[in-house]
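This report refers to the structure that appears directly beneath it.
Below, chains carry the letters A, B, ... as their sequence lines are ordered, and counting in each starts from 1. From a predicted model like this one, the values you see are computed outputs, not experimental measurements.
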Number of protein chains: 2
Amino acid sequence: MTIEAGATFMNDATPARDDVRNRLLAKMSVQDWALLAPHLEDITLKERQVVEVPNKPITHVYFVETGVVSVVAVNAEDHRIEVGVIGKEGMTGTPLVFGDDRAQHSAYMQIGGSGKRIAAPAFVAAIGQSPSLRALVLKSAQAFMIQTAHTALANGRAKLEERLARWLLMAHDRLDSDAVPLTHEFLAVMLGVRRAGVTVALHSFERRGLIAARRGQLTLINRTGIEEVAGSFYGIPETERKRLMGETL
Amino acid sequence: MTIEAGATFMNDATPARDDVRNRLLAKMSVQDWALLAPHLEDITLKERQVVEVPNKPITHVYFVETGVVSVVAVNAEDHRIEVGVIGKEGMTGTPLVFGDDRAQHSAYMQIGGSGKRIAAPAFVAAIGQSPSLRALVLKSAQAFMIQTAHTALANGRAKLEERLARWLLMAHDRLDSDAVPLTHEFLAVMLGVRRAGVTVALHSFERRGLIAARRGQLTLINRTGIEEVAGSFYGIPETERKRLMGETL
DNA sequence: CGAATCCCGTACGCTTCCGTACTGAAATAA
DNA sequence: TTATTTCAGTACGGAAGCGTACGGGATTCG
């Protein structure tokens with residue numbers, strides 16, 4: 001690991017900005033970065049690590065850099081389904097942006113990785129202080145909301161294969177490799193379908209040369225082909241996020 | 001119609017506050033009300049009247065007082081499904097709260113009624129000026145977001161009868177009578193199912209004494225029974241809204 | 001290295017809901 | 001009043017996906 005020249009005029013605790021891979025952190029103004037940086041903490045995010053628990057206070061906001069967070073809505077009878085994913089393009093803890101201190105949903109690392117986090121009070125103070133920072137996180141929250149709406153659409157109207165393709169594409173957008181380290185079981189939980197249904201659908205993908213599968217891992221081979229399977233159920237949240245946040249996903 | 005004493009010290013264009021039935025307008029501080037009131041316009045909201053068009057600028061924010069708005073997500077292949085409903089508890093135009101000027105979804109009156117509206121620029125100016133007003137509409141936006149997430153859950157996991165019961169309850173919460181003036185066709189569009197499927201399900205409800213049905217109209221008879229049908233797919237967004245906004249729904 | 005566990009492949013009967021379509025009754029328009 | 005349109009009731013074959021379950025291979029644990 002090399003020492004970054006850009007970090008020389010900052011104190012030891014402040015992470016260097018040049019190697020920040022979270023898009024929100026990278027995109028904000030230097031002033032806003034300066035506001036957050038002293039409170040940011042580098043963190044490893046292991047798979048299945050819980051970042052938010054429903055109806056519990058949010059302790060930290062996580063800026064993911066590698067890996068994927070699943071946000072899962074749960075009801076009283078323990079029915080559950082994923083309502084959104086978060087990766088390097090976004091952040092967790094959107095209720096804080098709305099002035100609430102509690103998590104609505106369950107959120108945990110679906111694919112392990114790393115990132116930075118900030119304690120909730122420091123985050124709230126920062127967005128209270130900087131209108132431009134608040135505007136940025138509001139847009140990010142809106143982008144997430146659009147994703148949730150289209151998840152509702154896909155859940156109600158798309159077939160299993162279409163929804164599975166959509167999920168793979170959303171994960172792929174957030175990963176640096178074509179390999180998705182996940183079991184069929186977890187894909188099934190996220191989509192709210194049978195594990196066996198996922199197995200059959202992935203088989204079909206594999207036979208068509210769209211993916212390669214190994215135990216606990218699958219690799220995208222023909223992304224365009226997967227996009228064709230997902231059809232119009234994939235894409236709108238992605239273009240809307242680009243419109244709202246700028247060209248970087 | 002009697003002349004309200006409370007209106008005497010306001011100018012002619014300013015609606016009297018006492019008879020405001022929209023919960024958000026009724027709940028805000030006098031200062032925030034004074035900020036909005038001069039720009040509020042009484043309006044009749046006929047059924048099927050369009051209030052937002054996807055990808056088009058939002059012209060007005062609507063504060064519904066009677067009737068119900070459907071917010072419907074649409075994709076490129078014209079698949080569509082309702083992602084939320086808005087009545088007297090809320091407002092349309094949430095993207096404006098996030099700093100965006102465009103509608104994501106289609107929004108129209110599913111059940112006709114009336115309300116007040118304000119031109120988008122005046123609304124944006126007001127929330128820019130008053131932090132307390134901004135906080136209020138942010139919480140309302142969050143409540144809507146929770147509703148959307150649970151719609152995604154219901155779409156993915158609930159059966160037709162459960163989803164239909166959920167919809168009826170959400171509509172009933174927003175109406176002043178037990179009569180829901182809607183055809184099976186429109187219920188089907190909102191739920192993303194067949195019209196014939198809705199007919200059969202409503203029949204079952206009727207046989208069980210939960211509702212009474214006439215052409216283009218159905219009446220809730222046993223709300224508790226309908227709640228039992230919806231099970232845990234109904235309720236969380238409602239209690240969360242109460243928590244966020246205070247005891248009034 | 002053997003045992004226990006995890007993950008995937010596959011199967012079968014069953015439920016739910018779709019696509020489609022025809023009918024008659026009710027409401028509306030002429 | 002008659003014609004037209006809208007809405008609800010019903011039907012049938014079929015697709016999609018569920019619940020369940022069993023076996024075998026891969027991986028991990030002791």
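Here the side chain of A/L160 is nearest to one of D/dG17, C/dC7, D/dT10, namely D/dG17. The side chain of A/T199 lies closest to C/dC8 when the candidates are D/dA16, C/dC8, D/dT10. Distance from the side chain of A/A196 is smallest for D/dT20 among the nucleotides C/dC18, D/dT20, C/dT16. Checking C/dG9, D/dA11, D/dA8 against the side-chain heavy atoms of B/T183 singles out D/dA8 as nearest.
With rounding to whole Å, B/L187 atom CG is found 13 Å from D/dC7 atom C1'. Here C/dC8 presents its P atom at 11 Å from CD1 of A/I211, a figure rounded to the nearest Å. For the pair B/R163 CZ and C/dC17 C1', the computed distance is 11 Å after rounding to whole Å. We find that CD of A/E185 is positioned 14 Å from C1' of D/dG19, with the value rounded to whole Å. Between B/L182 atom CG and D/dT6 atom P there is a gap of 17 Å when expressed in whole angstrom units. Taking atom CG of residue A/L202 and atom P of nucleotide D/dG17, one finds them 13 Å apart after rounding to whole Å. Distance NZ (A/K159) to P (C/dG19): 7 Å, rounded to an integer number of Å. Remark: P of C/dT16 and CG of B/L191 are 17 Å apart, rounded to the nearest angstrom.
Interface remark: the B/R195 side chain does not form any donor-acceptor pair with the C/dG19 base, using a distance-only criterion of under 3.5 Å. Not a single donor-acceptor contact under 3.5 angstrom links the side-chain atoms of A/R194 to the base of D/dG17.
Checking B/T44 against B/S114 by side-chain atom types alone, no donor-acceptor pair falls below 3.5 Å. Side-chain atoms of A/D173 and A/Y234 form a donor-acceptor pair, as typed in the model, at a separation below 3.5 Å.
Legend: residues meeting salt bridge (Lys or Arg N to Asp or Glu O under 4.0 Å) with A/R21, ordered by chain and number and at least two apart, are A/D176.
Residue B/H184 places no side-chain N or O under 4.0 Å from the OP1 or OP2 atom of D/dT6. Applying the 4.0 Å criterion to OP1 and OP2 of D/dA26, one finds that A/R215 has every side-chain N and O outside that range.
For the pair A/F186 and A/V200, both in contact range of DNA chain C, the more 5′-proximal nearest nucleotide belongs to A/F186.
A distance of 11.5 Å separates CZ in B/R243 from CD1 in B/I236, rounded to the nearest 0.5 Å.
Nucleic acid contact for A/G197: none, since no nucleic acid atom lies under 4.0 Å from a heavy atom of the residue.
Between B/A201 and B/L164, the shortest heavy-atom distance links the atoms CB-CD2, 3.7 Å.
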